[in-house]
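These notes are about the structure you will find just below.
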2 protein chains.
Amino acid sequence: MATVSRVVNNNPNVKPQTRKKVFEAIERLGYRPNAVARGLASKKTTTVGVVIPDISNSIFAEIARGIEDIANMYHYNIILCNADKRKEKEIRVINTLLEKQVDGLLFMGGTVTEEHIQAFQTSAVPIVLCATRDEKGTYPSVDIDHETAAFDAVNTLIRHGHREIAMISGTLQDPANGYARFQGYKKALEAAGIEYQEDLVRIGNYRYESGVEAMKYFLGLKKKPTAIFAATDEMAIGAIHSIQDEGLKVPDDFSIISVDNIRMASMVRPLLTTVAQPMYDLGAVAMRLLTKLMKKETVENPRVILPHETILRLSVNHVNK
Amino acid sequence: MATVSRVVNNNPNVKPQTRKKVFEAIERLGYRPNAVARGLASKKTTTVGVVIPDISNSIFAEIARGIEDIANMYHYNIILCNADKRKEKEIRVINTLLEKQVDGLLFMGGTVTEEHIQAFQTSAVPIVLCATRDEKGTYPSVDIDHETAAFDAVNTLIRHGHREIAMISGTLQDPANGYARFQGYKKALEAAGIEYQEDLVRIGNYRYESGVEAMKYFLGLKKKPTAIFAATDEMAIGAIHSIQDEGLKVPDDFSIISVDNIRMASMVRPLLTTVAQPMYDLGAVAMRLLTKLMKKETVENPRVILPHETILRLSVNHVNK
DNA sequence: GAGCTACATCGTAAATGGTTACCGTCAAAT
DNA sequence: ATTTGACGGTAACCATTTACGATGTAGCTC
């Protein structure tokens, strides 16, 4: 038994001849090692748990792809759990993942609350937050700087001469895509000495339809904005279509910018100018970080902020007075 | 030990009072059952393996969501493995999934070859194919009828008076999205007595860019088609933009139809007319089928074909002579 | 009231399929 | 002959489940 274990695990303490005999027997018997027994004995499962808000959301799917690729590279498997940003469900899957003795946990989601922290603390294995972070900064995380990303987006509008800039925001309850991006918008206005006007902000739900709706509202204003900053590409695309449906043009009549750079941003007319967040890399870097933690390597900086980049395409123009 | 096991597993043979004491101890000690040991002893892991070509592809992501929801409903977890339709990698992940003692396997991919079958045969647990099938029909599967879906698509073009109908196909090596949809195109032409013309078919790679390219080719023809059938929505949207970039209009100058009905189909102008394949349901039904198989329930029809539906939106018009 | 049965409850120990610490053996080298 | 190191085997261990047996209690019969 021990010898078989050694050859299966590539332990050098076995004569090549014996190794060969074992391999032949394995072949002949159709033996397949049982990873569950192995996991019990070795206390390692070579699988990591991933909690994700919604795999059918292209942003998270792209992040997941990054996670999977790196996990695969290090021979880990992934247990994937959708949790829809519902706290109660998140806590539940964290616990079942921990019961399954995953070697590490990758958490994506919206807010991480006190209850999340409590669940995390019961964990014997490392946890990293991906595309989110905890307020206190006690857990390793990889994310972008949403506020600065939004700031940069609004700023490129301002540099193009716009001063009537509306925003289609997400809910302010959401710390990253919602609140932070909204703060970036406000700060950019402030830095340019532009007064913040409440009726130039609409709250959407990140989706296309809410972008359409929000833009309809702006189009109904007596004093219309000249540019729109949307918190997500999807809402931006909704806004574009809302404008085009009225017979108006982007960027001639309105400039549009947003944050994300989903694939669709280069599959619309006009091509969407947006601040790219490196989705694949968010996942990849988070997973890489987790592998280090699982190997108990010391990591210099466990809270990484990935750079964003504004991609100038065709939906932003100089203001048209 | 046995008693604890009984209360944890909700076995009725335990006095309420004892049960309570056990729960208190669990609470006090912070005991968390070890699913790995449980799996070893019970020979069940309550996890199923899913091999998927690419989770960042929105179609598969949507299917995966269906799988996950149903799995969750039956208290299964999902081990997700990307395999990129690469046979060698598919075989490899099938084996590691089986080593992990998954209770069942859901296979999505392109072709299922003889080697796949061999790998499947070593499995002690049920396997179902999702969005694909094996030629011999030996394995349970859930899929749509790609040929008929394509047939229906082309047919609605024909019913709108079109006779010069081009196709942007996928590779004919791919049995489902490629070959079958192409066959549907040919048969629809044939049924309408329209001659098949080789230079009205271009092969793409399912992606947006290849749709753009293919359409450029058609626009360069002396005798242009009046309608285009694309094997996927993405290519159709590429074609639409290719047309619009030339200052021409959809559907005035060209009618466009395709198969899939991805979210983006209702996020373009004009809204894309397409034959919908029920992606979420493909996943959900496949997973449901797998749960039955895992419970050793007998299932009447293990090879299910889900219905498709043509969604009339705005990219198809009556021909304009 | 003793004895018996039946049943509910609980504990014991084997089994699950590996890993690994430890020890014994053997051949080669000193 | 002794030492050394490579190699292989033994058995403990991992945390559960589960078959089976032990225990206790209540109810019943005589």
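Note that the structure is a prediction, hence the values are computed from the model and not measured.
- Between B:Ala37 and B:Arg19, the one whose closest nucleotide on DNA chain C sits nearer the 5' end is B:Arg19.
- The side chain of B:Asn34 contributes no N or O atom lying less than 4.0 Å from OP1 or OP2 of D:dC14.
- Across the protein-nucleic acid pair, B:Asn11 atom CG and D:dT18 atom P stand 9 Å apart, rounded to whole Å.
- A:Arg32 comes within 4.0 angstrom of sugar-phosphate atoms only, judged by non-hydrogen atoms across all strands, and of no base.
- B:Asn11 places a side-chain N or O within 3.5 Å of a backbone atom of B:Asn13 that can act as its donor or acceptor partner.
- Contact check, B:Lys43 against C:dG17: a side-chain N or O comes under 4.0 Å of OP1 or OP2.
- Here B:Arg38 does not reach the OP1 or OP2 of D:dA15: none of its side-chain N or O atoms lies under 4.0 Å away.
- We find that CG of A:Asn13 is positioned 13 Å from P of D:dG5, with the value rounded to whole Å.
- The CG atom of B:Leu98 sits 16 Å away from the C1' atom of C:dG17 (whole-angstrom rounding).
- The side chain of A:Ser5 contributes an N or O atom lying less than 4.0 Å from OP1 or OP2 of C:dT19.
- Between the CG atom of B:Leu29 and the P atom of D:dA15 there is a distance of 14 Å, rounded to whole Å.
- Contact detail for A:Asp103 and A:Thr46: the closest heavy-atom pair is OD2-N, 2.7 Å.
- The number of heavy-atom neighbours closer than 6.0 Å to NZ of A:Lys296, taken from other residues, nucleotides and ligands shown, is 12 or below.
- Aromatic ring centroids of B:Tyr139 and B:Phe107 lie 6.0 Å or more apart.
- Between the CE atom of B:Met1 and the P atom of D:dT17 there is a distance of 9 Å, rounded to whole Å.
- Between B:Gln101 atom CD and C:dG18 atom C1' there is a gap of 11 Å when expressed in whole angstrom units.
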Quiz item: For B:Leu106 and B:Val51, what are the C-alpha separation, side-chain angles and deciding distance, and is it a side-chain contact (heavy atoms from CB on, under 4.5 Å)?
Solution: CA-CA 6 Å; B:Leu106 221 44; B:Val51 0; over 6 Å; no
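- Computed from coordinates, the B:Leu40 CG to D:dC13 C1' distance equals 12 Å when rounded to whole Å.
- Here the nucleotide nearest the side chain of B:Ser42, chosen from D:dT17, D:dG9, D:dC7, is D:dT17.
- Remark: P of C:dT19 and CG of A:Asn10 are 12 Å apart, rounded to the nearest angstrom.
- Of the two residues contacting DNA chain C, namely B:Pro16 and A:Lys44, the nearest-nucleotide position lying further toward the 5' end is that of B:Pro16.
- Listed nucleotides D:dT16, C:dT20, C:dG17 differ in distance to B:Ala41; the shortest reach to its side chain belongs to D:dT16.
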